[in-house]
Amino acid sequence: MAHYLSIFLLLAAVLVLMGGFPVAFTLGGVGILFALFGAQLGQFDLALLSGTPSRIYGIMINETLVAVPLFVLMGVILQRSRIAEDLLVTLGQMLQRFPGGLGVSVIFVGALLAASTGIVGATVVTMGLLSVPAMLRAGYDPRLVSGIVCSSGTLGQIIPPSIVLIFIADILQSANSTAQLSLGNYSATPVSVGALFMGALLPGLLLVAFYMITVIGIALFRPSACPAVPQNKKIESSMLLRAGYYLLPPILLIIAVLGSILLGFATPTEAASVGAIGAFVLAFSKQRLSVSDIFEAVKNTMFVSAMVFTILIGATVFSLVFRGLGGEELLETLLLSLPGGLVGAVVFIMALMFIMGFFLDTFEVVFLVIPIAGPTLLKLGLDPIWFGVAIGINLQTSFLTPPFGFALFYLRGAAGTLLTIRNIYAGVVPFVAIQLLVLLLVSVAPGIATWLPERVFNTAPLIANPAEEKYGPSDDGDTYSTY
Amino acid sequence: MRSARGSSDRRSISIAATVSGGRTDWIFLKNWPRRMGRQTSDRHAGVCIAVAVLRWLEGFNIKIGNVVCWLALGCALFCFLVVILRYAFGIGVIWMQELYVWQHALLFILGSGPALTHDKHIRVDLITESRSDKTRAALELLGICFLLFPFIAFIALTAWPFVLTSWATGETTGQSGGLSGVYLLKGSLLIFVLLLGLQGIVGLIRNTLVLSGHSNSTARPT
Amino acid sequence: KPALSQGLREWRMVTAWPKGLPGVGTGAERLAERISAMSNGKLTVKVHAAGEIVPALQVFDAVSQGSVEMGHDASFYHLGKSKATAFFSAVPFGMSANETSAWIDHGGGQALWEELYEPFDLQPFAAGTTGTQMLGWFRHELSSIDDLQGLKMRMPGLGGAVLEKVGATVVLLPAGEIFPALQSGAIDAAEFIGPYNDIALGLHQVAKNYYSPGFQDSGTALECVVNKTQYNQLPKDLQHIVRVACQAGYVDMWGEYQNGSAAALQVMKNEHGVRLRRAPREVIEALGRATRDVLEEERANADPITVKIFDSWDASLTKQSEYTSFAEQAYLNARKLVQG
Ligand code: NA
Ligand code: NA
């Protein structure tokens, strides 16, 4: 009986969230009330909650999360100086002959940004700041704007490098070694972060392609939703010049940020700082940044960071209470008593993670489900890379799905009064459908996820120079031993 | 989900508008019987005090926010400096690597209260956005009393021993060459609670005023 | 709790390890199972992976404050509380695994450790060891002391301070981010643990040079900390069970590492083309000199309890290393000579 309190906790959170109080405090507050209630019933050990400050402190000193305010700052600066808008509009004009040109270019920039960071909060907010005003000004349907921004903003989770995939790989690795050891396989092929990155690449690109096709389709059948960017003759005649002026600097900046990650100059956080400082330099060079602009920019950055991380703090309390009320044991019982059959089990677990993704932070979902469900499924012969990629797409979809997808909250936060919540909810529906389609495709043709990592990592062993193999050239025998 | 520039807030004009800002509010508070007493009822005078307290508390959070937000710039600059030093000069400075992480931590820990002041914390107001101001004020009061206050009270209770232990041992970071004031960083959790709590009180006052028909007095800062 | 009136206790053990992480994680899980089994269910221990209740580096605080009763992590994760914690896990060019257990169990280490943890209301036990670790994975060959200049390497703690002294750039990175950073070249080298764990991270896919020896982790001990108030409330038999289970856990994990790493090393070498290398003599000598400097600086700035621990440890190491050299090392060299 006790464990069912954890189910009531989830249901209560849904109801109370609808009351319109801030999400962060609703999650935290409902959690605390249930903890007190559970303690009254003798079902909850309040001592457990004293771990909360440690959990919050863990969020505070997580170096990876520093990328959030830095990418947001970059976005705000590019937006306030209207560099982003120039970039997107110019791109849209160049793609004029294609219907939905501006929308396609937003998706393109979104995919670039997605590749450079794996943090949903940062990408959605940055994309929201960069592109929402530009698309609205160009006369786009606010619903389409919302759909484009939310979907391309969450791509960061699935297009490598992605922090979520790093965590998934980490936990799948342990689950896989547990499964393989119990099958008597001592040297299982590792589920490395690299392999999972490779596995997620094609599905990620597939999503990008499908998003673009959708926008082009909408442009063809309902041109009023994404009208062509207006341009006058004078501009057209000097298109190349314009392209050089408006396109080159920001694209160079994005390439610098991306390149510094992919080519190995910096970690995502460090690259984000290059992006932020680069945005300042660009804006100064165009003389489009006053001191009050900077003040507004850093203030916005603070608001967005506070919003994102206070939700994380609320969610961390909520999930600790969920555990303390026996949610973990409940999940365990559920998952271990799954009806037979690999397919049924996988579908069930995917559905479960999808729903959990509404309330809990991605990392919590990953931490809760994979360690319990992973070993069982992998023992049944499930490919860990496929599983990891499917989880990635699944959680990304969860983040996009109304009414609770975190990405929708983040976009609403970034767009302010420009977009209503109804716009956002209605706009993401076609994109959620695409997500499910791609998830289905990857399920029917698992090779989309597994082919590339097999090609890259499971090639014949790279025995270099056999002479080196013994102890390598730098081995000087027993030089520093003292026999 | 509603942001600070919500329609009802922008429409309203504060009776305290003439005394905007925390500084003048004190003068306002001192002089209220002389200034207001003649034309208004005692009840109205009570409203004026409430508004003055509200403005002062709100002004406090706003000022904190206006200072704290610069940490975003500091964070970017120091992180950038670390990149330059490492990749251009091959120098690694551990304290600087920690400094930008700390700036980021303080940005959202100290910024959370001010963000609430500006109503930047995201809400799901799909159902409530079409309700009357009074209904929303009642819901907001419930939320403050039964969600926000229990949440921050609980963080205060658990953070207290956590911070005290750290202060008592003068905890530093484990990294050689790192920053030494870990106890200060941990201590910021208490300020997180304080700033949110102050804004909670502001919310109590504002929404009580709205419920008692004084919604004109309660314009939010923009 | 009704269970308590029947003399049954349910404890939680938070760990710094991902669920099922071979070696440290599995060792902690077996430790918990053994306490439950040895006490015939009077004390059952439920293990929580890193992040479930508290993040990896917050185990110490959680147990200290009584959020949970037990924790499993490494003492040197808490250098911020006291520099002396290093001595109970690993110090550069310090003790091997058996030397550490000699000092802690029989050379006065345990009493000093308890004194150090007293203010935190913690009862410490050595409850595992990784054995000697590796220097780490290098994208490029390390052929001379010059290659250390500007080398960007992931190495936490005192080992990092030593590296910095010889001109390397030390980068702070959590374990999960080593792979992408090494792959992209954001770092040139990284240390983690040894073959048993490193193969799981897949580091051999992005850096082919595997260097020994791990001067920074000569025989890293893992700790089990018990909330002291809770520990003192245990009946004597259960206290004894916890203590003995930890001692067994030390040897048990050591064996798992030796067995697992030996097998993993073969797989790395034969199936993945990893180049096994030893650090050149001049590199080792430079690291040794830097270690002496770092330790001298640390001692000069240390508080009294740290100085006391340092001196006890140092005396034990000096005494033991001559013996180890004359006995075990001589034997191992002899065996290598015979085996060729
Ligand atoms: Na990404
Ligand atoms: Na190590």
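Here is the naming used below: chain letters follow the sequence lines, and residue numbers restart at 1 for every chain.
- Residue A:S54 comes nearest to C:V54 through the heavy atom pair CB-CG1, 3.7 Å, listed as atom of the first residue, atom of the second, then distance.
- Smallest separation of non-hydrogen atoms from A:R55 and C:E52: NH1-O, 2.8 Å.
- C:I53 touches chain A through backbone and side chain together, each having a heavy atom under 4.5 Å away.
- Rounded to the nearest 0.5 Å, atoms CZ (C:R12) and CG (A:L48) are 4.5 Å apart.
- Within 6.0 Å of atom CD in C:Q266, more than 12 heavy atoms from other residues, nucleotides or ligands are found, so the atom counts as buried in its surroundings.
- Among C:H48, C:K46, C:E285, the residue with the largest count of heavy-atom pairs under 4.5 Å with chain A is C:K46.
- Remark: C:Q258 CD is loosely packed, at most 12 non-hydrogen atoms of other residues, nucleotides or ligands lying under 6.0 Å away.
- Scanning both residues, A:G58 and C:P55, for their nearest heavy atoms gives CA-CG, 4.0 Å.
- Nearest heavy atoms, A:S50 versus C:S67: OG-OG, 2.6 Å.
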